[in-house]
Structures are given as C-alpha cells and as structure tokens.
Amino acid sequence: QVQLVESGGGLVQPGGSLRLSCAASGSIFSSVTMAWYRQGPGKQRDWVASVTSGGSTNYAASVKGRFTISRDSAKNTVNLQMNSLKPEDTAVYYCNTRLYGITYWGKGTLVTVSS
C-alpha cells in the first residue's frame, strides 16, 4: 500500500556533495516519520537520519554535521543532502517508513564515493 522510490545516487569524489530524494505514494509524509538507512559493502543496514511529521530531525553520529534530511509533504518527498562525503559513506541508501506496524523500504540507490 506504500511505495517508496529513491533517486539521486551516483559516483562522487571525496569531499563532494550529493542529494538523494525519496518519492512516496499517497500522503503518508504528513503523519509519519521518514528515515534514511544505508548498507555498505560487507556491513549491516544502519540508520542514517530521520525526520518526523513535525519536521524534527535526528542523525547518526557518523553523518551529523555533514548530512541534512528534509521533507516536503506537499510533494510527498523526503530528501537527504550529503556534503563533505567520505569513502566510508559508500553504500546503498534506502528510504524507510513504518505504518500500522509494517515497515516499508524502497529498492535503494547506490552512492559511491571514490577518487
């Protein structure tokens, strides 16, 4: 019932910037928390950032100060602005939400940070 589609991934040099976007079906952004997770090579999927329906944000320590999550409820999108990228940021990034006890994921978008 909920579809999440990520976009914006690609290859970027260390120190560069990239902006990811997640488009959601319906109007779920108006009432639920949205989040970004990532899974690097040989690693588990970890939480990166989240934004509540009221706009409050939280970040993992590894990205705090470099990444910014935001939402546009009118457009049903959530974005992740990534600055000062490091090679260790290389991962597949996933959009996530939880509604009525069910967790939803996008298919992911690959971000590669390499010179």
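Quick caveat: nothing in here was measured; it's all calculated off a predicted structure.
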Open item on the list: Would you say that Cys22 contacts Trp36 through its side chain, given a criterion of any heavy-atom pair below 4.5 Å between the two side chains?
Closed with: yes
Task: Expected output: side-chain Thr52 to main-chain Thr33 donor-acceptor under 3.5 Å - done: no
Task: Sequence neighbours excluded, every pair satisfying salt bridge (charged side-chain N to carboxylate O under 4.0 Å, His left out) that has a member inside residues 91-115 - done: none
- [ ] Would you please name every residue forming a side-chain hydrogen bond (donor to acceptor under 3.5 Å, both in side chains) with Gln13, sequence neighbours left out?
- [x] none
TODO: Go through the steps to decide whether Leu18 and Leu85 satisfy the test side-chain contact (heavy atoms from CB on, under 4.5 Å), and finish with yes or no.
DONE: CA-CA 8 Å; Leu18 205 60; Leu85 285 163; 4.0 Å; yes
Open item on the list: Going by side-chain hydrogen bond (donor to acceptor under 3.5 Å, both in side chains), name the residues that satisfy it together with Ser21, two or more places apart in sequence or in a different chain.
Closed with: Asn79
Task: ring pair (Phe, Tyr, Trp, His ring centres under 6.0 Å) pairs, two or more places apart, involving residues 85-106 - done: Tyr37-Trp105
Task: Main-chain N/O of Gly9 paired with Thr109 side-chain donor or acceptor, under 3.5 Å - done: yes
Open item on the list: Counting C-beta onward and ignoring hydrogens, is there a side-chain heavy-atom pair between Leu80 and Thr68 closer than 4.5 Å?
Closed with: no
Task: Residues in side-chain contact (heavy atoms from CB on, under 4.5 Å) contact with Val51, at least two apart in sequence or another chain - done: Met34, Thr57, Ile69, Arg71, Val78
Open item on the list: Is there a path of hydrophobic side-chain contacts, each under 4.5 Å between heavy atoms of I/L/V/M/F/W/Y residues, joining Val92 to Val63?
Closed with: no
Open item on the list: Using 0.5 Å steps for rounding, measure from the CD atom of Gln44 to the CZ atom of Arg38.
Closed with: 12.0 Å
Task: All side-chain contact (heavy atoms from CB on, under 4.5 Å) counterparts of Ser114, not counting sequence neighbours - done: Leu11, Thr112
Open item on the list: Could you check whether any side-chain heavy atom of Val2 comes within less than 4.5 Å of a side-chain heavy atom of Leu99, counting everything from C-beta outward?
Closed with: yes
TODO: Identify the heavy atoms of Ser70 and Arg19 that sit nearest to each other, and give their distance.
DONE: OG-NH2, 4.3 Å
Open item on the list: I'd like to check the side-chain hydrogen bond (donor to acceptor under 3.5 Å, both in side chains) partners of Asn83; sequence neighbours left out, ordered by chain and number.
Closed with: Ser17, Gln81
- [ ] Sort and list the pairs that fulfil salt bridge (charged side-chain N to carboxylate O under 4.0 Å, His left out) and have at least one residue in residues 48-67, not counting sequence neighbours.
- [x] Arg66-Asp89
Task: Polar side-chain atom of Gln3 near backbone of Ser25 as donor-acceptor pair, under 3.5 Å - done: no
Task: Trp47 and Asn96, any side-chain heavy atoms less than 4.5 Å apart - done: no
Task: All pairs passing salt bridge (charged side-chain N to carboxylate O under 4.0 Å, His left out) where residues 43-53 contributes a residue, at least two apart - done: none
